[in-house]
2 protein chains.
Amino acid sequence: MLSKSEENYLKAIFHLSVKAEKGISTNAIAQQLDTKASSVTDMVKKLSEKELVLYVKYQGVTLTDKGEKIAANVIRKHRLWEVLLVQKFNFNWDEVHEVAEQLEHIHSKKLIDEMDAFLGFPKHDPHGDPIPDKDGNINFLEKSLLSTIDVNMKAVCVGVKDTSSDFLRYLDKQEIALGKEIAVLEKEAFDNSMLIRIGTNEFTISQQIATNIYVKNKE
Amino acid sequence: MLSKSEENYLKAIFHLSVKAEKGISTNAIAQQLDTKASSVTDMVKKLSEKELVLYVKYQGVTLTDKGEKIAANVIRKHRLWEVLLVQKFNFNWDEVHEVAEQLEHIHSKKLIDEMDAFLGFPKHDPHGDPIPDKDGNINFLEKSLLSTIDVNMKAVCVGVKDTSSDFLRYLDKQEIALGKEIAVLEKEAFDNSMLIRIGTNEFTISQQIATNIYVKNKE
DNA sequence: TCAAATTTTTAGACTTACCTAAAAATAAAT
DNA sequence: ATTTATTTTTAGGTAAGTCTAAAAATTTGA
Ligand SMILES: [Mn+2]
Ligand SMILES: [Mn+2]
Ligand SMILES: [Mn+2]
Ligand SMILES: [Mn+2]
């Protein structure tokens with residue numbers, strides 16, 4: 001049974017591995033976990049002895065299959081808990097992450113399986129992120145940033161990149177939510193701001209906003 | 001924010017305090033938590049500095065109001081989680097304790113308040129134990145041991161003293177459950193075994209069984 | 001290419017929560 | 001009232017996970 005700390009390291013390495021193909025650097029992990037590089041080196045050695053990561057000094061780490069499966073399962077738990085909190089316990093999507101960070105370390109296979117069933121086997125969490133299945137497989141769906149959508153095109157909001165409370169509450173205020181159709185009406189060449197329409201509301205969003213909203217093109 | 005360990009100590013002292021009026025001894029706590037007396041002394045000093053217990057060397061500890069409130073809240077969380085597991089997640093009453101031991105240390109006021117509402121503000125956990133309210137007040141209901149019920153009397157099962165899996169599964173097998181009416185038909189003077197009837201089933205139970213079932217007299 | 005900057009690792013220390021073994025205090029028994 | 005037994009505390013140590021500061025390796029770039 002892994003400690004909370006070990007699980008958090010595996011999860012961090014997993015998240016960092018999505019984009020990178022080389023080994024994940026000590027510093028990157030330290031930044032992700034808000035800790036020091038020296039602490040990372042220590043932990044990475046331990047995970048390596050447990051055969052959860054491949055580690056070559058000065059060359060970063062990679063998850064083994066075993067480590068990847070455990071990481072995916074922690075993420076599965078995190079996201080299922082987030083769904084429960086939002087769908088059954090009246091949490092807003094900006095309130096769930098902190099509690100899910102705690103709940104993801106509860107050890108009980110039955111609990112997570114039953115919760116999955118209780119929730120109707122959801123495929124995505126409240127932020128649009130895919131929920132890994134029991135075997136750790138993740139269904140990454142194709143999605144684009146709203147900023148890449150051409151003028152006069154429509155797209156459906158399917159996720160968020162930034163998940164900070166500030167950003168999520170801004171989206172609430174503007175009534176931007178998963179599943180909403182967004183029409184791109186104008187793009188300002190100077191600052192890449194966009195005029196968009198959601199329902200009958202038309203308003204302008206900055207590039208920073210547009211690069212933090214994931215959408216799926218309407219075919 | 002208290003550590004898991006600190007919360008477990010407060011909970012243990014709380015449980016031990018129900019019966020005892022003197023200070024709770026170091027040894028008693030050690031036994032309850034399956035640890036060593038020397039470890040207890042260390043922790044009790046720390047809790048004393050935080051004003052969660054009153055501690056006088058060689059004279060045991062007592063919870064302060066602050067400590068008692070925290071302990072009651074941990075117990076509140078434990079029991080509410082047990083209700084959730086049984087009522088919503090198909091756990092049997094012998095399967096919930098271990099997971100609840102983990103879940104009781106999740107810190108989120110909103111989570112527990114919402115869960116309470118979601119469950120319809122239950123007053124008792126799956127074992128019949130009362131759930132403390134938000135302020136830490138516990139409604140101890142009057143209850144007797146089945147072994148004290150006279151022949152030809154009826155009583156309703158309202159709780160269990162032993163909560164081991166073995167015992168709870170024995171009760172399942174015999175279809176003894178909370179809310180069931182038990183009629184005492186005969187008592188054997190030699191070994192204090194009892195012939196009882198539940199519904200249409202008649203069978204004998206040993207004294208050991210009868211002293212681990214709480215009942216409420218039918219008036 | 002080789003010196004400077006950056007990254008990573010090592011060395012040594014700290015905190016929490018444990019432990020064992022010995023000392024001190026209290027309680028029990030002669 | 002002492003001696004004996006038990007309980008409790010102290011002293012010193014361990015393991016996990018963190019930190020700072022210094023050393024070593026790697027990368028950058030003049
Ligand atoms: Mn999250
Ligand atoms: Mn999420
Ligand atoms: Mn329990
Ligand atoms: Mn219970």
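Convention: sequence-line order gives letters A, B, ...; per-chain numbering from 1. Please read these numbers as outputs of a predicted model, since none were measured by experiment.
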OP1 or OP2 of C/dT9 under 4.0 Å from side-chain N/O of A/Tyr55: yes

Enumerate all atom pairs, one protein N or O and one N or O from nucleotides 23-28 of chain C, separated by less than 3.5 Å.
| from | atom 1 | to | atom 2 | distance (Å) |
| --- | --- | --- | --- | --- |
| C/dA25 | O4' | B/Tyr58 | OH | 3.3 |

Residues from residues 18-41 of chain B lying under 4.0 Å of DNA chain D - heavy atoms: B/Ser25, B/Thr26, B/Asn27, B/Ala37, B/Ser38, B/Thr41

A/Pro130 backbone acceptor or donor facing A/Arg79 side chain under 3.5 Å: yes

d(CD, A/Glu49; P, D/dA16) in whole Å: 11 Å

Under the ring-ring contact (aromatic ring centres under 6.0 Å, His included) test, residues paired with A/Phe118 that sit two or more places apart: B/Phe89

Residues forming a side chain to side chain contact (heavy atoms under 4.5 Å, CB included) with B/Asn92, sequence neighbours excluded: B/Asp94, B/Glu95, B/Asp172

Spacing between B/Asp42 atom CG and D/dT9 atom C1', to the nearest angstrom: 9 Å

Expected output: side-chain B/Lys187 to main-chain B/Ser147 donor-acceptor under 3.5 Å: yes

By salt bridge (charged side-chain N to carboxylate O under 4.0 Å, His left out) - contacts of A/Lys109 (at least two apart): A/Asp113

Partner residues of B/Asp135 under the side chain to side chain contact (heavy atoms under 4.5 Å, CB included) criterion, sequence neighbours left out: B/Asp133, B/Asn137

Please tabulate, one pair per line, all N/O donor-acceptor pairs under 3.5 Å involving side-chain atoms of residues 62-72 of chain B, not counting sequence neighbours.
| from | atom 1 | to | atom 2 | distance (Å) |
| --- | --- | --- | --- | --- |
| B/Thr64 | OG1 | B/Glu51 | O | 2.9 |
| B/Thr64 | OG1 | B/Leu52 | O | 3.1 |
| B/Thr64 | OG1 | B/Lys66 | N | 3.4 |
| B/Thr64 | OG1 | B/Gly67 | N | 3.0 |
| B/Lys66 | NZ | B/Lys50 | O | 3.3 |

B/Leu2 CG - C/dT16 C1' separation (whole Å): 14 Å

Residues in salt bridge (charged side-chain N to carboxylate O under 4.0 Å, His left out) contact with B/Lys110, at least two apart in sequence or another chain: B/Glu114

Check: B/Ile112 main-chain N/O paired with B/Lys77 side-chain donor or acceptor under 3.5 Å: no

Could you list the donor-acceptor pairs under 3.5 angstrom formed by side chains in residues 17-35 of chain A, with sequence neighbours left out?
| from | atom 1 | to | atom 2 | distance (Å) |
| --- | --- | --- | --- | --- |
| A/Ser17 | OG | A/Ile13 | O | 2.6 |
| A/Ser25 | OG | A/Ala28 | N | 3.0 |

Strand contacts (DNA chain D) in residues 3-11 of chain B, 4.0 angstrom heavy-atom criterion: none

Qualifying residues under ring-ring contact (aromatic ring centres under 6.0 Å, His included), relative to A/His127, sequence neighbours excluded: none

From A/Arg76, A/Lys4, A/Lys11, residue fulfilling salt bridge (Lys or Arg N to Asp or Glu O under 4.0 Å) relative to A/Glu104: A/Lys11

Restricting both atoms to N or O, compile the protein contacts to nucleotides 1-3 of chain C shorter than 3.5 Å, with distance only.
none

Rounded interatomic separation in angstrom, taking NZ from A/Lys45 and P from D/dA16: 14 Å

Residue A/Lys36 excluded, over 12 heavy atoms near NZ under 6.0 Å: no

